[in-house]
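These notes are about the structure you will find just below.
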Amino acid sequence: MGIFDGFPFKSREQMEREQKEFEKRVFPHDIEKTKALALDRLRPYGEKKPGKLMADNEVLFSYISAKDIFVQAGGGEDGVAAAKKALKRQSWLPKQMVEAVLALVKLEENRDGLEDFPTADDIRVEMVIDDNLK
């Protein structure tokens with residue numbers, strides 16, 4: 001048994017390659033602009049308690065983790081189901097934040113660029129449609 005057995009050692013090159021793959025998968029367009037747009041669209045749904053909103057990093061974490069899982073699952077209904085399962089494990093998320101993140105991730109699937117990024121109204125409509133299907 002070697003000294004590194006069971007220890008997930010990765011070279012700097014491998015870590016950088018994995019980081020680039022992750023960024024390309026989750027942010028196929030401009031990273032900072034995508035984060036800003038997602039935060040702008042999702043922030044209104046992050047009310048933990050009356051008058052107490054989620055921190056920006058919490059909002060972004062829920063979006064990024066759901067988007068990554070959605071893409072890795074192949075998108076579509078399988079991707080939505082996988083992302084929903086992952087978000088439900090984040091028990092600190094308000095229910096409407098989970099619904100908003102899922103709506104945004106789903107709406108983003110067939111968009112070509114940031115100029116086509118889903119609007120707040122698009123998310124609201126998608127949330128209503130999904131809520132009616134439950």
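Remember, predicted model here, so these are calculated numbers, not experimental data.
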* **Residue among Glu23, Glu16, Glu21 satisfying side-chain hydrogen bond (donor to acceptor under 3.5 Å, both in side chains) with Gln19** =>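 Running side-chain hydrogen bond (donor to acceptor under 3.5 Å, both in side chains) over Glu23, Glu16, Glu21 with Gln19 returns exactly one hit, Glu23.
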Do you know which two heavy atoms are closest between [X] and [Y], and how far apart they sit?
X      : Y      : result
Arg41  : Thr119 : NE-CA, 3.5 Å
Tyr45  : Ala120 : OH-O, 4.3 Å
Met127 : Gln96  : CE-O, 3.7 Å
Glu47  : Pro94  : O-CG, 3.6 Å
Ala73  : Ala82  : CB-CB, 3.9 Å

To the closest 0.5 Å, what do you measure between [atom1] ([X]) and [atom2] ([Y])?
X      : Y      : atom1 : atom2 : answer
Leu39  : Asn57  : CG    : CG    : 9.5 Å
Asp122 : Arg124 : CG    : CZ    : 9.5 Å
Arg43  : Leu60  : CZ    : CG    : 8.5 Å
Glu18  : Ser11  : CD    : OG    : 8.5 Å
Lys67  : Gln72  : NZ    : CD    : 12.5 Å

* Step by step, work out the side-chain hydrogen bond (donor to acceptor under 3.5 Å, both in side chains) result for Glu108 and Tyr63. => CA-CA 12 Å; Glu108 269 188 282; Tyr63 166 73; 2.7 Å; yes
* Salt bridge check: are Glu99 and Lys95 linked by an N-O gap of less than 4.0 Å? ->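 Lys95 and Glu99: salt-bridged.
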* **Val59, Leu87, Ile64, Ile123 screened by side-chain contact (heavy atoms from CB on, under 4.5 Å) with Val101, the one that passes** =>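 Single side-chain contact (heavy atoms from CB on, under 4.5 Å) partner of Val101 among Val59, Leu87, Ile64, Ile123: Leu87.
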* Using the side-chain contact (heavy atoms from CB on, under 4.5 Å) rule, pick out the option among Leu107, Leu37, Val105, Val125 that qualifies with Pro118. =>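 In the set Leu107, Leu37, Val105, Val125, the residue that makes a side-chain contact (heavy atoms from CB on, under 4.5 Å) with Pro118 is Leu107.
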* So do Phe70 and Lys84 actually touch side chain to side chain, heavy atoms under 4.5 Å? ->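 No; the side chains remain at least 4.5 Å from each other.
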State yes or no: do [X] and [Y] share one hydrophobic cluster built from I, L, V, M, F, W and Y residues joined by side-chain heavy-atom distances below 4.5 Å, directly or via other members?
X      : Y     : answer
Leu104 : Ile69 : no
Leu102 : Val26 : yes
Ile31  : Phe61 : yes

* Asked: Between the main-chain N or O of Ala55 and the side-chain N or O of Glu58, is there a donor-acceptor pair closer than 3.5 Å?
  ->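 Confirmed, Glu58 side chain pairs with Ala55 backbone.
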* Asked: Is a side-chain donor or acceptor of Glu109 paired with a backbone partner of Gly75 at a separation under 3.5 angstrom?
  ->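 Checked: no pair found.
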* Where do Gln90 and Ser65 land on the side-chain hydrogen bond (donor to acceptor under 3.5 Å, both in side chains) test, with the steps shown first? -> CA-CA 10 Å; Gln90 297 175 25; Ser65 60; 3.1 Å; yes
* To do: Test side chain to side chain contact (heavy atoms under 4.5 Å, CB included) on Phe117 and Arg111 and set out the steps.
  => CA-CA 7 Å; Phe117 200 82; Arg111 305 291 172 123; over 6 Å; no
* To do: Could you check Lys88 against Leu93 for side chain to side chain contact (heavy atoms under 4.5 Å, CB included), going step by step and ending with a plain yes or no?
  => CA-CA 8 Å; Lys88 289 202 179 236; Leu93 283 176; over 6 Å; no
* To do: Please work out which of the three classes, parallel, tilted or perpendicular, describes the rings of Phe22 and Phe27, given edges at 30° and 60°.
  =>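 Ring orientation of Phe27 relative to Phe22: perpendicular.
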